[in-house]
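Heads up: the structure comes next, in structure tokens.
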Number of protein chains: 2
Amino acid sequence: MAQRGSYAKGVAKREEILERELDVVAREGYRGASVKELAEAVGLSQAGLLHYFGTKEELFTEILRKRDEVDIAHYRGETSEKPDSDVRDLRTGYLQIIRHNSEVPGLVQLFSRMAVDAADPEHPAHSFFLARGAELRDEFTHALAHQQRTGGLTDRIAPGTLARILQAVADGLQVQWMQDPTIDMAGIVNALFDALTPTPSDEPAPAPAPSPEEHG
Amino acid sequence: MAQRGSYAKGVAKREEILERELDVVAREGYRGASVKELAEAVGLSQAGLLHYFGTKEELFTEILRKRDEVDIAHYRGETSEKPDSDVRDLRTGYLQIIRHNSEVPGLVQLFSRMAVDAADPEHPAHSFFLARGAELRDEFTHALAHQQRTGGLTDRIAPGTLARILQAVADGLQVQWMQDPTIDMAGIVNALFDALTPTPSDEPAPAPAPSPEEHG
DNA sequence: GTCTATACTCGGATAGAC
DNA sequence: GTCTATCCGAGTATAGAC
């Protein structure tokens, strides 16, 4: 993956910067932060930071990419090393990530903001979001199809469509959550999964979704 | 609703401006448009436009408010004047609006952008979005509860939770759609409704959701 | 490789004439 | 009520020293 044969050192530092940046944004939040702020947060000048990432948008895109990298490593490597991870409960993993997100508001802000801006085909992050979305839905589609075959999920909807819906719900809830941080994103998504589970004929009925509060 | 006893004329023109602005944004799109562009689009100078709306954010907020006003008038007044409009198929109305949205990309962009920015409690549009969301979900909650009593909707999820989910799906799909305008937002939402409809025992089975394409 | 300093652009806001 | 003109700040990008 080394961008060029030369300066592997630079790449290493780049990664190091990204990791710290990730931390900073996660904790201190992103309010349309400027390059200067991000730079100072990692002990560099604006120019110093832009030395590694040519442009602001590139920097932000790389932060998001790094975030995914870390998340995937964490929520895929940790739990189990079983090769059947594809089948392994996607629902649980998804809920874990969503729960985790509510602990890194800055990243949620950055992500949501970029997702909208990157709608413009000219935006540097455009293809990143396209690819990311497609990948996500692909995994989902497979896992959902499997769950349908297993009988753990209603088959009254195409898996690919449901994948898209789950992506949309998560993204949409993030915006609602940013506006009102008291809502329980994971609980809501969980309730949706429940609603789409065929009536448990043999299962001990996993408690018919108490569903988080009944806010208007 | 007249802001002040005086200058009702100004208010009238304000409304007129908003209506035209709405049209402009809807057609020509919003790419982080500047006040100047918006001004020229309605034949005013930047200063002239800001005479009516003190600030950029106020202007944008008012455009969104106007949009809602128009949409509500259109999708509630037109169809029927029946007082039981509360009960009248919410699903149909929602799908209509979603379908309509895909014809006004600029407004979708503006809305999505603002929704994210307005997450900041300091943002002028913060309370607008809070109130708007609450209202929307309220209506949904009632209508969904009714549908559950009627048996047109699964009762395996709390109506208030589902309301939130539907809001999230619509918002989230808009972002996906901006990135890839080929997806069929209404079709996807429709598929979700179908999946949440109790198995039709007597109904002529509304065709088990062919569900729009099976994109990865 | 990193800094300081600066150049440049954009866009929102305001003053003041008409 | 609307314009022209101007100001000002923010923020990115770059030049060039060290």
Side-chain angles (χ1 to χ4, degrees), chain A residues 2-21 24-25 28-63 106 109-110 113-114 117-118 120 122-125, chain B residues 2-21 24-25 28-63 106 109-110 113-114 117-118 120 122-125:
Chain A
Q3 296 211 342
R4 269 203 178 80
S6 34
Y7 51 84
K9 180 81 168 291
V11 173
K13 171 122 194 189
R14 224 180 100 114
E15 292 305 301
E16 189 203 313
I17 291 176
L18 281 178
E19 267 162 40
R20 257 190 299 167
E21 218 61 274
V24 172
V25 175
E28 311 201 353
Y30 163 85
R31 286 253 158 281
S34 64
V35 174
K36 192 166 173 237
E37 291 176 83
L38 274 286
E40 278 161 4
V42 298
L44 277 181
S45 72
Q46 193 220 30
L49 183 54
L50 283 189
H51 169 71
Y52 289 96
F53 311 88
T55 178
K56 181 197 187 181
E57 261 96 13
E58 246 182 273
L59 167 60
F60 286 153
T61 309
E62 289 310 304
I63 292 178
Q109 287 165 0
L110 177 59
R113 187 46 166 359
M114 289 277 287
D117 291 355
D120 185 342
E122 303 304 304
H123 194 286
Chain B
Q3 295 213 343
R4 270 204 176 80
S6 37
Y7 52 84
K9 180 81 168 291
V11 173
K13 171 122 192 187
R14 222 180 103 115
E15 291 305 302
E16 189 203 314
I17 293 176
L18 281 178
E19 268 162 38
R20 256 189 299 166
E21 217 62 273
V24 172
V25 175
E28 312 203 353
Y30 162 85
R31 285 252 161 282
S34 64
V35 174
K36 193 168 173 235
E37 291 177 83
L38 274 287
E40 278 160 6
V42 297
L44 276 182
S45 72
Q46 192 218 31
L49 182 54
L50 283 190
H51 169 71
Y52 289 96
F53 313 86
T55 178
K56 181 197 186 181
E57 261 95 12
E58 248 182 273
L59 167 61
F60 286 155
T61 309
E62 290 310 305
I63 292 178
Q109 286 166 359
L110 177 59
R113 186 51 170 348
M114 290 277 287
D117 290 355
D120 185 342
E122 304 303 304
H123 194 285

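Lettering follows sequence order; numbering is per chain, from 1.
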| Would you say a side-chain N or O of B:Lys36 is under 4.0 Å from OP1 or OP2 of C:dC10? | no
| Should B:Arg113 and A:Asp117 count as side-chain neighbours, where that means a heavy-atom distance under 4.5 Å? | yes
| task | Would you kindly give the CG-to-P distance between A:Leu38 and D:dT12, to the nearest whole Å? | result | 9 Å
| message | Rounded to whole Å, please give me the gap between CZ in A:Phe53 and P in D:dT14. | response | 16 Å
| field | B:Glu28 side, atom CD; B:Leu38 side, atom CG - distance, nearest 0.5 Å | value | 10.0 Å
| task | Round to a whole Å and report the spacing from CG of B:Leu59 to P of C:dG11. | result | 15 Å
| Under the side chain to side chain contact (heavy atoms under 4.5 Å, CB included) test, residues paired with B:Glu58 that sit two or more places apart | B:Thr55
| field | Gap separating the OG atom of B:Ser45 from the NE2 atom of B:His51, nearest 0.5 angstrom | value | 10.5 Å
| said: What's A:Gly43 touching, base or sugar-phosphate or nothing? Going by heavy atoms closer than 4.0 Å. | reply: sugar-phosphate
| Can you check the A:His51 NE2 to D:dA15 P distance for me, whole Å? | 15 Å
| Atom pair distance, as rounded to whole Å: OH in A:Tyr52 and C1' in C:dC3 | 13 Å
| task | Measure the distance from CG on B:Leu49 to P on D:dT4 and round it to the nearest whole Å. | result | 14 Å
For nucleotides 13-15 of chain C, which of its nitrogen or oxygen atoms have a protein nitrogen or oxygen under 3.5 Å away, and what is each distance?
unit_1: C:dA13; atom_1: OP1; unit_2: B:Thr55; atom_2: OG1; d: 2.8
unit_1: C:dA13; atom_1: OP2; unit_2: B:Thr55; atom_2: OG1; d: 3.4
unit_1: C:dA13; atom_1: OP2; unit_2: B:Lys56; atom_2: N; d: 3.1
unit_1: C:dA13; atom_1: N7; unit_2: B:Gln46; atom_2: OE1; d: 3.1
unit_1: C:dA13; atom_1: N7; unit_2: B:Gln46; atom_2: NE2; d: 3.4
unit_1: C:dA13; atom_1: N6; unit_2: B:Gln46; atom_2: OE1; d: 3.1

| request: Among D:dG1, D:dT12, C:dC3, find the nucleotide with the atom closest to the side chain of A:Ser34. | output: D:dT12
| Heavy atoms, side chains only, cut-off 4.5 Å: are B:Phe53 and B:Val35 in contact? | no
| query | Can you check the B:Glu37 CD to C:dG11 P distance for me, whole Å? | reply | 7 Å
| task | Answer yes or no: is there a side-chain heavy-atom contact under 4.5 Å between B:Glu62 and B:Arg14? | result | yes
